[in-house]
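Report on the structure given below.
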There are 2 protein chains.
Amino acid sequence: MDSLGNTIRKLREDKELPLRTVAAFLDIDQAILSKIERGHRNPTREQVVKLAAYFKVKENDLLVAWLSDKLLYEVEDEDMALKALQVAEEKVKYITKNKKK
Amino acid sequence: MDSLGNTIRKLREDKELPLRTVAAFLDIDQAILSKIERGHRNPTREQVVKLAAYFKVKENDLLVAWLSDKLLYEVEDEDMALKALQVAEEKVKYITKNKKK
DNA sequence: TATAAATTTGACAAATTATGTCAAAACACA
DNA sequence: TGTGTTTTGACATAATTTGTCAAATTTATA
């Protein structure tokens with residue numbers, strides 16, 4: 001299970017691109033991209049979307065990795081992390097079901 | 001499935017306490033407690049802990065409700081909400097497993 | 001109904017967190 | 001060593017959270 005940062009780094013290194021180039025495309029300083037790849041920063045949603053387009057990978061896959069990372073960050077250090085995630089899941093299912101009607 | 005706000009409201013009304021009193025205990029303006037009970041604001045972790053003690057209910061139960069609410073807020077509007085929650089769950093399980101060693 | 005208590009609302013302020021820049025340090029390697 | 005790349009940390013700016021306050025609304029009751 002690769003982290004989002006790792007995935008991005010692999011994609012970039014496969015194309016042998018320096019941080020500078022990809023960062024310029026994202027319109028941010030390369031320092032941030034470095035931190036993102038190393039998992040010291042979370043990218044914004046918009047950055048993830050841009051990266052998916054740039055590397056031609058499924059946007060949804062990257063977004064799921066991104067969002068789950070954010071959730072992980074939210075529950076880290078909490079004993080009830082798993083329980084909370086499961087309850088949240090139930091709530092989402094409940095909400096989705098009622099929306100369909 | 002009661003929301004956290006609703007749970008708190010019920011606890012307060014059972015004791016026939018005005019917002020003012022509980023808010024004072026939490027050291028916040030009653031306006032905020034009103035919003036919390038109505039689900040227009042999320043309480044802080046500290047406030048939840050205080051409320052559990054105040055109403056003598058299991059801290060963990062309230063915290064799970066609180067944390068799952070935050071997660072829900074984080075994924076709302078996202079199509080991949082459920083998927084992201086499930087992936088996050090896997091990640092938590094993975095992390096927990098490796099911590100034990 | 002009148003009025004007092006309780007609650008809700010919205011405009012605004014303060015505090016916190018997220019996002020970014022920049023420059024210097026560390027690294028890779030011909 | 002010299003060049004290009006990456007990493008780090010101090011700092012600035014932007015966005016979001018958390019809170020106050022006062023007025024408006026609702027609820028209870030004399």
Side-chain angles (χ1 to χ4, degrees), chain A residues 2-52 54-55 62-63 65-78 84, chain B residues 2-52 54-55 62-63 65-78 84:
Chain A
D2 248 1
S3 69
L4 175 59
N6 234 282
T7 304
I8 296 169
R9 170 145 297 187
K10 278 184 183 169
L11 287 168
R12 181 175 63 80
E13 289 183 338
D14 277 355
K15 298 205 171 182
E16 295 185 14
L17 297 168
L19 286 170
R20 180 170 33 83
T21 306
V22 180
F25 174 77
L26 294 179
D27 197 27
I28 53 173
D29 194 280
Q30 62 176 22
I32 295 183
L33 185 54
S34 168
K35 284 165 188 167
I36 289 172
E37 288 186 351
R38 297 170 54 74
H40 294 170
R41 281 279 179 102
N42 269 324
T44 65
R45 191 185 198 285
E46 206 174 89
Q47 286 161 355
V48 174
V49 170
K50 278 189 182 178
L51 285 168
Y54 189 81
F55 290 120
L62 281 200
L63 282 176
W66 165 77
L67 190 51
S68 64
D69 268 4
K70 290 215 302 173
L71 295 176
L72 210 60
Y73 178 73
E74 193 90 27
V75 302
E76 78 182 353
D77 322 319
E78 294 282 6
Chain B
D2 248 1
S3 68
L4 174 59
N6 234 281
T7 303
I8 295 168
R9 170 144 298 187
K10 278 184 185 170
L11 288 168
R12 181 175 62 81
E13 291 184 338
D14 275 356
K15 300 205 171 182
E16 295 184 14
L17 297 167
L19 287 170
R20 181 170 30 84
T21 306
V22 180
F25 174 77
L26 295 179
D27 197 26
I28 54 174
D29 194 280
Q30 61 175 25
I32 295 182
L33 184 54
S34 167
K35 284 165 188 168
I36 288 172
E37 289 186 351
R38 296 168 56 73
H40 294 170
R41 281 279 180 101
N42 269 325
T44 66
R45 191 186 198 286
E46 207 174 89
Q47 286 161 356
V48 174
V49 170
K50 279 190 182 178
L51 286 169
Y54 189 80
F55 290 119
L62 280 200
L63 283 175
W66 165 77
L67 190 51
S68 63
D69 267 5
K70 289 216 303 175
L71 295 175
L72 210 60
Y73 178 74
E74 192 89 29
V75 302
E76 78 180 355
D77 323 319
E78 294 282 6

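None of these values were measured; they are calculated from a predicted model.
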Rounded to whole Å, how long is the line connecting atom [atom1] of [X] with atom [atom2] of [N]?
X	N	atom1	atom2	value
B/R9	D/dT27	CZ	C1'	12 Å
A/K35	D/dT7	NZ	C1'	8 Å
A/E46	D/dA14	CD	C1'	14 Å
B/L33	D/dT18	CG	C1'	14 Å
B/H40	D/dT17	NE2	P	16 Å
B/I28	D/dT17	CD1	P	17 Å
B/E74	D/dT16	CD	P	12 Å
B/E37	D/dT26	CD	C1'	15 Å

Query raised in the report: Are B/E13 and B/R9 close enough that some pair of their side-chain heavy atoms sits under 4.5 Å apart?
Result: yes

Report task. Flag the pair B/V48 / B/L67 as yes when at least one side-chain heavy-atom distance between them is below 4.5 Å, and no otherwise. Result ->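 No, too far: nothing below the 4.5 Å cut-off.
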
Just call it for [X]: base, sugar-phosphate, or nothing, with non-hydrogen atoms closer than 4.0 Å on any strand.
X	value
A/I32	base
B/R38	sugar-phosphate
A/R41	base

Query raised in the report: Short question: side chain of A/T7, backbone of A/S3 - any donor-acceptor pair under 3.5 Å?
Result: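 Confirmed, A/T7 side chain pairs with A/S3 backbone.
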
Query raised in the report: Any donor-acceptor pair under 3.5 Å linking the side chain of B/W66 with the backbone of B/L4?
Result: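 Not confirmed, B/W66 side chain does not pair with B/L4 backbone.
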
Query raised in the report: Does B/Q30 place a side-chain N or O at less than 4.0 Å from the phosphate oxygens OP1/OP2 of D/dA22?
Result: no

Query raised in the report: Any Lys/Arg nitrogen of A/K70 or B/E78 sitting under 4.0 Å from an Asp/Glu carboxylate oxygen of the other?
Result: no

Query raised in the report: First contact, last contact: which nucleotides of DNA chain C are these for chain B, 5' to 3', heavy-atom distance under 4.0 Å?
Result: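 Contacts span C/dA6 to C/dG10, reading 5' to 3'.
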
Report task. Look up atom NZ in A/K35 and atom CZ in A/R41, then write down how far apart they are to the nearest 0.5 Å. Result ->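 The CZ atom of A/R41 is 5.0 Å from NZ of A/K35, to the nearest 0.5 Å.
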
Report summary line: The reported gap from CD1 in A/I8 to CG in A/L62 (rounded to nearest 0.5 angstrom) is 6.5 Å

Requested in this report: Name every residue in residues 11-19 of chain B that has at least one heavy atom under 4.0 Å from any atom of DNA chain D, in order of residue number, or write none if there are no such residues.
Outcome: none

Query raised in the report: What closest approach, in Å, do B/L33 and B/A23 show between heavy atoms, and which atom pair accounts for it?
Result: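 So the two residues come closest at CD2-N, 3.7 Å.
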
**Report entry** Pair B/V49-B/L63, side chain to side chain contact (heavy atoms under 4.5 Å, CB included): steps then yes or no
**Finding:** CA-CA 7 Å; B/V49 170; B/L63 283 175; 4.3 Å; yes

